[in-house]
Amino acid sequence: PCCRYEHKASSMFCHICTRKKTAGNVLKSCLNLHRALDSCRKSVCRVCILKHKLGAVDDPWDCCHCRDACPANAQCKIYSRKD
């Protein structure tokens, strides 16, 4: 974990596709936000969880970023290609 956050608020956008939360597409936040680590605010939307087979939508989880398992179109992968 690289940093700690003062406010425990997960991202309002999907880490993979950047979709916002809607009535039909919920965002799932990483468990590391709620643990003592306070180290990850990433969220992934329901569509991406199902599309990329990242686990069950309703189960608590460590996000794909914390597990170093982000798909190629995730924001961290896109940012690393630009640098």
Residues 12-28 vs side chain to side chain donor-acceptor pair (under 3.5 Å), sequence neighbours excluded, gives none

Kindly work out whether a path of hydrophobic side-chain contacts (I/L/V/M/F/W/Y, heavy atoms less than 4.5 Å apart) joins L50 to L54.
yes

In terms of heavy-atom contacts, N32 and C66 come closest through ND2-SG, 3.2 Å

Heavy atoms only: give me the nearest L31-P60 pair and the separation to one decimal.
CD1-CB, 3.6 Å

Per the side-chain contact (heavy atoms from CB on, under 4.5 Å) rule, which among C64, C45, C63 passes with I16?
C64

Side-chain contact, heavy-atom cut-off 4.5 Å: C40 with L33?
no

In this structure, would V57 and V47 fall into the same cluster of hydrophobic residues linked by side-chain contacts under 4.5 Å?
no

Test item: S11 side-chain N/O and S43 main-chain N/O as donor-acceptor pair under 3.5 Å
no

Work out which heavy atom in A74 is nearest to a heavy atom in C70; give both atom names and the distance.
CB-CB, 3.7 Å

Check ring pair (Phe, Tyr, Trp, His ring centres under 6.0 Å) between H52 and all other residues, then give those that pass, not counting sequence neighbours.
none

Quick one: does H65's side chain get under 4.5 Å of C30's, heavy atoms only?
no

So which pairs with a foot in residues 55-70 pass salt bridge (charged side-chain N to carboxylate O under 4.0 Å, His left out), sequence neighbours left out?
R35-D62

Looking only at heavy atoms, what is the nearest atom pair of F13 and L27, with distance?
N-CD1, 3.9 Å

